[in-house]
Protein chains: 2
Amino acid sequence: MGTAEQEPRWLDADEMQAWLALAGVLVRLPAALDAQLQRDAGVSHFEYQVMAMLSEAPHRTLRMSDLAQLANGSLSRLSHVVNRLQKRGWVTRQPCASDGRITLATLTEDGWAKIVQTAPGHVEAVRGLVFDPLTGAQVRQLNEIGRRILRTIDAEERD
Amino acid sequence: MGTAEQEPRWLDADEMQAWLALAGVLVRLPAALDAQLQRDAGVSHFEYQVMAMLSEAPHRTLRMSDLAQLANGSLSRLSHVVNRLQKRGWVTRQPCASDGRITLATLTEDGWAKIVQTAPGHVEAVRGLVFDPLTGAQVRQLNEIGRRILRTIDAEERD
DNA sequence: CACACTTGCTTGAAGCGTCAAGTATCCTGG
DNA sequence: CCAGGATACTTGACGCTTCAAGCAAGTGTG
C-alpha cells in the first residue's frame, strides 16, 4: 500500500466471482459450525477448539500463550474463555513451577468426557459441509490455496 | 446426523491438512480485512459491505431485507448498523410509499464519498491477501469450491 | 544488587451481535 | 369490513470480544 495509489487494480470477472463465493463462506461456514456445536453441545466453536487442543496435548496441558495460538485467538479472549470453562468444570489452571509468570491450563476428566462426546458430531458437520461436496483433487487444492493465503497474512503481519 | 452414530468417519490426512488451513483462513482472513478497514477508514467490514452494496444499487437505495441478505447479515444486525451509519451521516432511512412496512436505506453524498475513498485500499487488500498469491487456475478452483460449500449450507438450512 | 525493561497473563469497560419480544403495516377469509 | 395472521422492521437486554491498562514474575545492565 504505497503512497502513489492512483489507479486501483480492480478485480476481473473471475476474481469477483471467486471473491463473492469466498466472502460467503467466510461468513456462513463459521456460523453453520457454531450453530451445530451450540445446538448439540452448548459450546462455541472457539470453546470447542480450546478443549480439543488441550485433549491432544501431553498431559492434556498447555501454556495459555501456546493454547491461544493453537486455537487462533488472542490471549485475552482465551483468558476469558478459560474462566468460563473453569466455572463449568472442564478446565483447571495452575501456575508453572519453573516460571511463575506462566499459567498452565489442563483439561479435566469432565472436560475430556465432554470432548469425547462432542467430537463425532462436530467432525460429521465439518465433513458434511466441507468435504462431502468436494472431490479429492479439490480437497488438495483447498489445502494449497488456504496455505498460500495464510502464508501471505503471516508475511503481512510481520512488518 | 441420524440416531445411529456409532462409528464417526474421521478425517484422513489430506482432509485434516485442508481443514487446518481452512480453519485458519476462516479466522485470520476476516480479521486481517477488518483490521485494514478499521485502520485506514475507521469502519468494520460489515459496515463497508453495507455501504458498498448501497453504492451499487439503483438510486443508491435498497430495502432493509435485501440489504441484509446482500451483506450476509441478519436484519437485526443491519438495523443496528444502519443506526450507527445514520448517526455518522452516511445513510438515511425513509419508509416506502407503496408499502408502509418497508424501510428504504439510502447512501448519502457523504456516504458515497466515504466509499469512493475507502474502496481502492480495500480492494488492494483483498487482492494482496487472496488473489496475488494464487494462480488463475486456483482462482477458478476457489470459486467452484466456495460455491459447492455454500450450496451445501443452503441445503442444510432449508430443512 | 537495584533499577528499568520485558514477558505472561488477567481484568474491566466499551462496543458489537444475537435473541426474543414488540410495533406497525398489510393481506385474507368469513 | 374486520379478526387473525403474516410480513417488515426495530428495540433492549444479555453475552462475548476487544482494547487498554494493570499486575506480577523474570531478565539484564550498570
Side-chain angles (χ1 to χ4, degrees), chain A residues 26-28 30-39 41-51 54 61-88 91-106 157, chain B residues 26-28 30-39 41-51 54 61-88 91-106 157:
Chain A
L26 253 30
V27 171
R28 304 190 44 199
L33 293 175
D34 262 323
Q36 180 271 324
L37 280 169
Q38 202 64 55
R39 176 166 42 78
V43 168
S44 74
H45 189 260
F46 184 69
E47 290 171 327
Y48 175 85
Q49 195 89 331
V50 166
M51 292 201 286
L54 284 177
T61 297
L62 283 170
R63 296 178 49 161
M64 291 293 282
S65 312
D66 295 345
L67 184 50
Q69 282 219 309
L70 287 170
N72 284 314
S74 70
L75 192 49
S76 171
R77 182 182 187 184
L78 178 66
S79 185
H80 286 297
V81 164
V82 168
N83 279 335
R84 300 196 287 267
L85 295 178
Q86 209 165 13
K87 277 182 199 139
R88 300 227 244 170
V91 170
T92 57
R93 275 190 245 238
Q94 69 244 92
C96 174
S98 61
D99 185 336
R101 294 169 301 180
I102 291 172
T103 302
L104 298 170
T106 303
E157 278 171 1
Chain B
L26 252 30
V27 171
R28 302 189 47 201
L33 294 175
D34 261 324
Q36 180 270 323
L37 280 169
Q38 201 64 53
R39 176 166 42 77
V43 167
S44 74
H45 189 261
F46 184 70
E47 290 172 328
Y48 175 85
Q49 196 88 331
V50 165
M51 292 201 285
L54 285 177
T61 297
L62 284 169
R63 297 177 47 161
M64 291 293 281
S65 311
D66 295 346
L67 184 50
Q69 280 219 309
L70 287 170
N72 283 314
S74 69
L75 192 50
S76 170
R77 181 182 187 183
L78 178 66
S79 185
H80 287 298
V81 165
V82 168
N83 278 335
R84 286 175 236 142
L85 296 178
Q86 209 166 11
K87 278 184 198 136
R88 299 226 245 171
V91 171
T92 57
R93 272 189 246 238
Q94 70 242 95
C96 175
S98 61
D99 185 337
R101 294 168 299 180
I102 292 172
T103 303
L104 297 170
T106 303
E157 279 171 2

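Note that the structure is predicted; figures quoted are calculated from it, not measured. Every chain is numbered from 1, with letters handed out A, B, ... down the list of sequences.
No side-chain donor-acceptor contact under 3.5 Å links B:Arg77 and B:Asn72.
Computed from coordinates, the B:Leu67 CG to D:dA8 P distance equals 15 Å when rounded to whole Å. Across the protein-nucleic acid pair, A:Gln94 atom CD and C:dG8 atom P stand 18 Å apart, rounded to whole Å. If you take CD1 of A:Ile102 and P of D:dG26, they are 9 Å apart, rounded to a whole angstrom. Atom pair A:Arg63:CZ and C:dT10:C1' shows a separation of 15 Å (rounding to whole Å applied). To the nearest angstrom, C1' of C:dC16 lies 16 Å from NE2 of B:His45. C:dG8 atom P lies 11 Å from atom CD of A:Gln69, rounded to whole Å. What separates CG of B:Asp66 from P of D:dT7 is a distance of 15 Å, to the nearest Å. The distance between atom NZ of B:Lys87 and atom C1' of D:dT11, rounded to the nearest whole Å, is 12 Å.
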For every nucleotide of nucleotides 16-25 of chain D, 5' to 3': is a protein heavy atom under 4.0 Å from its base (B), only from its sugar-phosphate (S), or from neither (-)?
SSBB-----B
Apply the test side chain to side chain contact (heavy atoms under 4.5 Å, CB included) to residues B:Leu33 and B:Leu37: give CA-CA distance (whole Å), side-chain angles for both, the deciding distance (0.1 Å), then the verdict.
CA-CA 6 Å; B:Leu33 294 175; B:Leu37 280 169; 5.6 Å; no
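At a threshold of 4.5 Å between non-hydrogen side-chain atoms, the residues A:Pro95 and A:Leu104 do not count as touching. In this structure the side chain of A:Ser44 never reaches within 4.5 angstrom of the side chain of A:Arg84, judged on heavy atoms.
The side chain to side chain donor-acceptor pair (under 3.5 Å) search around A:Gln94 returns A:Thr106, not counting sequence neighbours. Partners of B:Arg63 under the side chain to side chain donor-acceptor pair (under 3.5 Å) rule, at least two apart in sequence or in another chain, do not exist in this structure.
Looking at heavy-atom distances under 4.0 Å, A:Leu75 makes contact with a base. Using a 4.0 Å heavy-atom distance criterion, A:Thr103 is classed as a sugar-phosphate-only contact.
The side chain of B:Asn83 places no N or O atom within less than 4.0 Å of a non-bridging phosphate oxygen (OP1 or OP2) of C:dC16.
Within the model, atoms CG of B:Leu75 and CD of B:Gln69 stand 10.0 Å from one another, a figure rounded to the nearest 0.5 Å.
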